[in-house]
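Encoded as structure tokens, the structure appears first; notes follow it.
Lettering follows sequence order; numbering is per chain, from 1.
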Amino acid sequence: MPLRETHIVSGAQTKFGKLEGITLREMFAEAVDKATVDAGIAKEDIQAAFIGTFIPEMLVHQGHTAPLLVDYAGLRGLPATRHEAACASGATALRAGIMAIESGLYDTVLVAAAEKMTSVSTNKATEALAAAADDEFESSMGLTFPGVFAIAAVAHMQKYGTTEEDMALVAVKAHKNAAKNPLAQFQKEITLEKAMTPRYVAWPLKLFDCSPISDGAAAVVLTNREKAKKYTDTPIRIVGTGQASASMNLCDRTELTSFEGSVRAARIAYEMAGLTPKDIDVAVVHDCFTIAEIIATEDLGFFKPGEGAKAVREGVTAMDGDMPINPMGGLKAVGHPVGATGVKQAVVIYRELIGEAGANQVPNHDVGLMHNFGGTGATCVVNIMRRADA
Amino acid sequence: MSERPTIEQYQKFIQERDFHVFRCKKCGAMIAPPKGVCYSCGSNELEWAKVSGRGKLISFTVIHVAPEQFKDEAPYFVGIVELEEGTRVTARLLGLDPDQPEKVQLGMPLRLDYETGQTGRMYLGFRPA
């Protein structure tokens with residue numbers, strides 16, 4: 001049965017990128033204010049907060065972030081809990097919010113997430129990110145995150161003939177979309193030649209195959225069916241949600257050209273929503289690396305296994321294509337403040353579905369899907385949303 | 001050696017260049033890296049076993065941008081290796097040219113070896129058989 005109660009009634013993000021002179025709590029408060037008071041939603045209406053941050057302990061030497069962040073944002077006193085699932089922290093916080101509304105425990109809740117990554121050196125940030133992989137058996141022999149996705153890329157190239165150029169085309173598309181998005185880290189188009197610059201990070205992945213290190217925050221307000229119209233004429237219903245876990249270690253996966261967590265989470269979400277991949281008008285997928293977008297579009301059922309790259313080549317996934325993917329620029333070009341990404345994805349789908357995505361608006365926007373990955377794909381969340389009037 | 005295999009001992013075996021895996025006492029499945037249960041039959045009764053050291057290459061990468069502690073070793077290969085006994089491990093690949101990764105063939109036969117990192121730590125490794 002599709003979920004009945006949960007509606008998104010506002011959503012906002014800060015600019016993503018290297019945000020000088022602004023701390024974690026300030027970014028968080030900015031996103032919360034945009035999603036509440038600026039959207040005509042009184043903070044007094046919020047009854048609980050679900051917070052996504054990945055690893056502020058290592059990035060800004062701060063644990064116990066939920067009460068700290070909500071206090072700074074003027075929400076002191078609320079029950080506030082942090083959700084951590086590496087790069088899927090935001091989406092797991094969102095799922096907690098969904099469960100809170102569906103259960104009837106609360107009428108209106110805040111889901112907000114933030115990560116401040118650029119106040120430490122790139123080395124330190126990389127070390128913090130590595131904590132999302134299995135330290136005992138993979139990171140400890142020098143396998144990195146780009147390395148994990150490079151291993152998947154090599155398997156995909158061998159099995160399906162996907163090329164380095166196909167992956168570079170994902171980056172070109174991401175930058176093209178982000179060029180029109182004022183909140184993106186890289187508001188600049190790149191040529192295929194530039195995307196192919198052979199600066200290898202983990203062969204065959206090059207610099208332009210990788211999402212950047214970023215700062216940023218995002219927030220959404222969820223409310224129940226009864227209250228939704230009070231806040232907006234265009235509430236967005238969350239009709240299906242799925243989450244799955246998979247092995248942390250790549251070597252424990254029987255399939256390297258597909259992420260089983262994505263397949264499983266998608267199946268649950270589609271079934272709950274009573275929808276199929278054909279019903280989805282627009283999707284944001286977790287393109288932490290270009291190959292991850294290609295594989296995600298296959299795992300989510302938009303294209304057959306092995307045909308994700310072809311869809312990129314033929315422009316199917318472009319903003320004006322039949323199946324627009326990451327129309328605002330994705331993690332790749334908008335930036336990837338790890339814990340914030342999952343909530344930012346919900347904000348993107350919210351804006352697309354209500355028709356307020358500006359220069360990044362896709363033509364058909366009744367039903368949207370978000371796909372958020374944690375680490376090596378050991379956590380995956382898929383949420384399906386539709387305009388309440390669609 | 002304790003009766004129930006431990007991760008500590010698993011890592012120690014690698015440091016001693018004497019790779020052992022977990023084996024399910026019930027169904028005989030070989031398990032590496034360690035797990036608390038056997039995913040083939042669900043049993044949690046595990047014991048130590050030796051392997052032949054023969055395997056084949058499933059996929060790989062060459063790490064160019066390495067974390068601080070591995071910086072001096074880059075570029076280096078990391079691969080997924082399927083052991084003859086069925087289980088897969090993540091390991092360093094040895095005896096291959098990191099500047100010519102396109103020449104490496106998936107499926108190629110490999111044999112167990114070890115490599116000492118710059119820090120003195122021993123890595124599980126495989127080289128072309």
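Within a 6.0 Å radius of NZ in B:Lys25, other residues, nucleotides and ligands contribute more than 12 heavy atoms. Within a 6.0 Å sphere centred on CD of B:Glu8, heavy atoms belonging to other residues, nucleotides or ligands number 12 at most. Counting heavy-atom neighbours within 6.0 Å of B:Gln118 CD, excluding the residue itself, gives a total above 12. Within 6.0 Å of CZ in A:Arg264 there are 12 or fewer heavy atoms belonging to other residues, nucleotides or ligands.
With a threshold of 4.5 angstrom between heavy atoms, B:Gln11 approaches chain A through side-chain atoms but not through N, CA, C or O. There is no contact between B:Tyr39 and chain A, counting heavy-atom distances below 4.5 Å. Of the atoms belonging to B:Phe77, not a single heavy atom falls under 4.5 Å from chain A. The contact between A:Leu250 and chain B is made by backbone and side chain atoms together, counting heavy-atom distances below 4.5 Å.
Residues B:Arg121 and A:Ser140 form a side-chain contact, since some pair of their non-hydrogen atoms from C-beta on lies under 4.5 Å apart. Side-chain contact check for B:Lys35 versus A:Asp252: some heavy-atom pair is nearer than 4.5 Å. Contact check for A:Arg199 versus B:His64: no side-chain heavy atoms found under the 4.5 Å cut-off. Between A:Ile151 and B:Ile80 the shortest side-chain heavy-atom distance falls below 4.5 Å. Residues B:Ile7 and A:Phe137 are in side-chain contact: their nearest non-hydrogen atoms beyond the backbone lie under 4.5 Å apart. Two residues are said to be in side-chain contact when any heavy atoms from C-beta on lie closer than 4.5 Å; B:Phe60 and A:Val154 meet this criterion. Using a 4.5 Å heavy-atom cutoff, the side chains of B:Thr61 and A:Leu143 are in contact. At least one side-chain heavy atom of A:Asn249 sits less than 4.5 Å from a side-chain heavy atom of B:Pro33.
Of the listed residues (B:Pro98, B:Pro67, B:Pro101), the greatest number of heavy-atom pairs within a distance under 4.5 Å of chain A belongs to B:Pro101. Taking B:Ala74, B:Ala91, B:Pro75 one by one and counting their heavy-atom pairs under 4.5 Å with chain A, the maximum is reached by B:Ala91. Contacts with chain A were tallied for B:Gly117, B:Gly79, B:Pro34; B:Pro34 has the most, counting heavy-atom pairs under 4.5 Å.
Interatomic distance, A:Met157 CE to B:Ser59 OG, rounded to the nearest 0.5 Å: 10.0 Å.
Residues of residues 122-133 of chain A lying under 4.5 angstrom from chain B, judged on non-hydrogen atoms, are A:Asn123 by number.
Residues A:Met141 and B:Arg92 come closest through the heavy atom pair O-NE, 2.7 Å. A:Gly142 and B:Ile63 make their closest contact through O-CG1, 3.7 Å (heavy atoms, listed as atom of the first residue, atom of the second, distance).
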